[in-house]
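Reading through the structure tokens given below for one structure.
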Amino acid sequence: MSAKVPQALPWLAPIWQRLSNQIQDNRLGHALLFLGQEGLGKRVMLREFAQQLLCLDASPARNSGPCGQCASCHLFNAGSHPDLFMVEPEEAGKQIKIDQIRKVTDFVNTTPQKGNHKVVLLGPAEAMNINASNALLKSLEEPSSKTTLLLYSHQPGSLLATIKSRCQLYSVYTPPWQQALNWLEQNSQQTRLESALRLAKGAPLKAIDLMEGEVHVQYMQFCQDMIDLQQAKANWSATLTKWKAWDSHWVMMWFYELVLDVQKIQAGLTQDTLAIQELQGQTAQVAKVSQYGQVQTLLDKLLDNQKAQLSQSNPNPVLIIETLLIDWLSLLGQSGQRI
Ligand SMILES: [Zn+2]
């Protein structure tokens, strides 16, 4: 039986091959850190890799995937393998706490129960706060020959340099656009795949997530609303009321991308580099009628908003979005009042 994930998610095949070669040559480190944007399948790949490391069928040909049949694979598939320790935020978007990392240290110091190996799978690593990161350094500095630590991160920039320097690093690349689009065509019944893929920054699994949730539908609605507002076909306050029900993080990001798109056009880049293709008519118009300085001021404002959101200083997102809309329409030479 060969590995499932690199077949199902073909952009992961090269990295899987690299891991397989390293096992074969006995060059696999004790701590591996996988870096790449969210929505590429890092976690699901590492789960299968963990299963392979724990698999009791040690035949050399097996490095193409776990056997799926031994006692260890059965336990793994049942979700109750005693030699696998998963560390994730208790709730999505929350931190990995220092108590969870202390349990990692304890786990590393125990004897394997099924075979002669144990695996820790931890991520996203950026969810660890500074105390949790420092606590993990101990396990990274004093490796146990019987434990492999598998870490993944969607935001490598937010990791401690000392964490990165103690791990073998693996970059998980976003697949080329056409490969990602072909994959989506084979794996999704939805329409407007290109727009979802752009929204997901080219990460195919993220695109699927966005299409299955509400975000992609809201995005399409946002684009339509912007066009309607510009043509005075939509009611200003009704539009804002509708947007109020959405996750403000996304709406702010769309505005941010729009303004960046304007700068791209002003800098002489071509239309195909725009993030929000659906509004390229508006973008081109704003680029034509506005000064670079005005656009930069709006961009600075958007960056300040992002910082305020990250620091959770509790800004009023509805008010911010309303202001952004006014600013955008005034760049277009319109005011909100006339609608
Ligand atoms: Zn097995």
Side-chain angles (χ1 to χ4, degrees), residues 1-36 39-88 96 100-101 103-125 136 139-140 142-153 167-172 175 183 186-187 204-205 208:
M1 188 179 127
S2 57
K4 288 184 198 137
V5 170
Q7 279 188 14
L9 310 176
W11 57 90
L12 296 175
I15 210 160
W16 187 275
Q17 188 58 48
R18 183 177 157 201
L19 289 167
S20 297
N21 293 346
Q22 286 178 326
I23 293 182
Q24 220 158 22
D25 303 346
N26 219 359
R27 283 188 291 112
L28 198 71
H30 74 279
L32 284 56
L33 171 57
F34 296 78
L35 311 169
L40 297 177
K42 296 188 290 299
R43 182 181 179 278
V44 66
M45 175 183 76
L46 290 180
R47 269 194 71 92
E48 186 168 24
F49 189 59
Q51 182 179 353
Q52 177 175 321
L53 290 175
L54 295 170
C55 177
L56 299 173
D57 182 344
S59 73
R62 189 56 64 211
N63 64 25
S64 58
C67 79
Q69 280 154 22
C70 70
S72 175
C73 282
H74 279 302
L75 278 171
F76 194 99
N77 289 329
S80 52
H81 202 299
D83 298 326
L84 171 72
F85 194 76
M86 298 277 296
V87 188
E88 296 179 317
I96 292 175
Q100 292 173 274
I101 302 299
K103 287 181 189 150
V104 172
T105 318
D106 294 344
F107 175 80
V108 169
N109 291 324
T110 58
T111 314
Q113 293 190 35
K114 285 293 152 193
N116 53 12
H117 209 79
K118 288 173 295 172
V119 177
V120 175
L121 204 171
L122 182 152
L136 183 70
S139 300
L140 295 175
E142 299 159 13
S144 138
S145 60
K146 292 192 182 305
T147 310
T148 305
L149 284 98
L150 302 175
L151 279 62
Y152 64 92
S153 169
C167 294
Q168 239 171 27
L169 300 182
Y170 297 79
S171 293
V172 182
W183 183 87
Q186 285 159 17
N187 289 279
L205 299 182
I208 297 260

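Both counts, for ligands and for their atoms, begin at 1 and track the order of listing. The model shown is predicted, which means the values in this text are computed figures rather than measured ones. Here, residue 1 is the first one in the sequence, and each next residue gets the next number.
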(request) Measure distances from the Zn ion (ligand 1) and count the protein N, O or S atoms below 2.8 Å. (result)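 There are 4 of them.
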(request) Please examine the side chains of His81 and Gln51, heavy atoms only from C-beta on, and report whether any two atoms are closer than 4.5 Å. (result)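 The answer is no; the side chains never approach within 4.5 Å.
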(message) Would you say that His117 contacts Thr148 through its side chain, given a criterion of any heavy-atom pair below 4.5 Å between the two side chains?
(response)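 Yes; the side chains approach each other to less than 4.5 Å.
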(message) Test of understanding: with ring pair (Phe, Tyr, Trp, His ring centres under 6.0 Å), list the residues that count as partners of Phe76, not counting sequence neighbours.
(response)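 Here no residue qualifies.
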(request) Kindly write out the residues that satisfy side-chain contact (heavy atoms from CB on, under 4.5 Å) with Pro10, not counting sequence neighbours, or none if the list is empty. (result)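 Only Gln179, Trp183 meet the side-chain contact (heavy atoms from CB on, under 4.5 Å) criterion with Pro10.
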(request) Under the side-chain contact (heavy atoms from CB on, under 4.5 Å) rule, collect the residues that match up with Ser80, sequence neighbours excluded. (result)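 Only Leu75, Ala78 meet the side-chain contact (heavy atoms from CB on, under 4.5 Å) criterion with Ser80.
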(request) Measure up the Phe49 and Trp16 rings against each other and bin them: parallel (under 30°), tilted (30 to 60°), perpendicular (over 60°). (result)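 Plane angle over 60°, so perpendicular.
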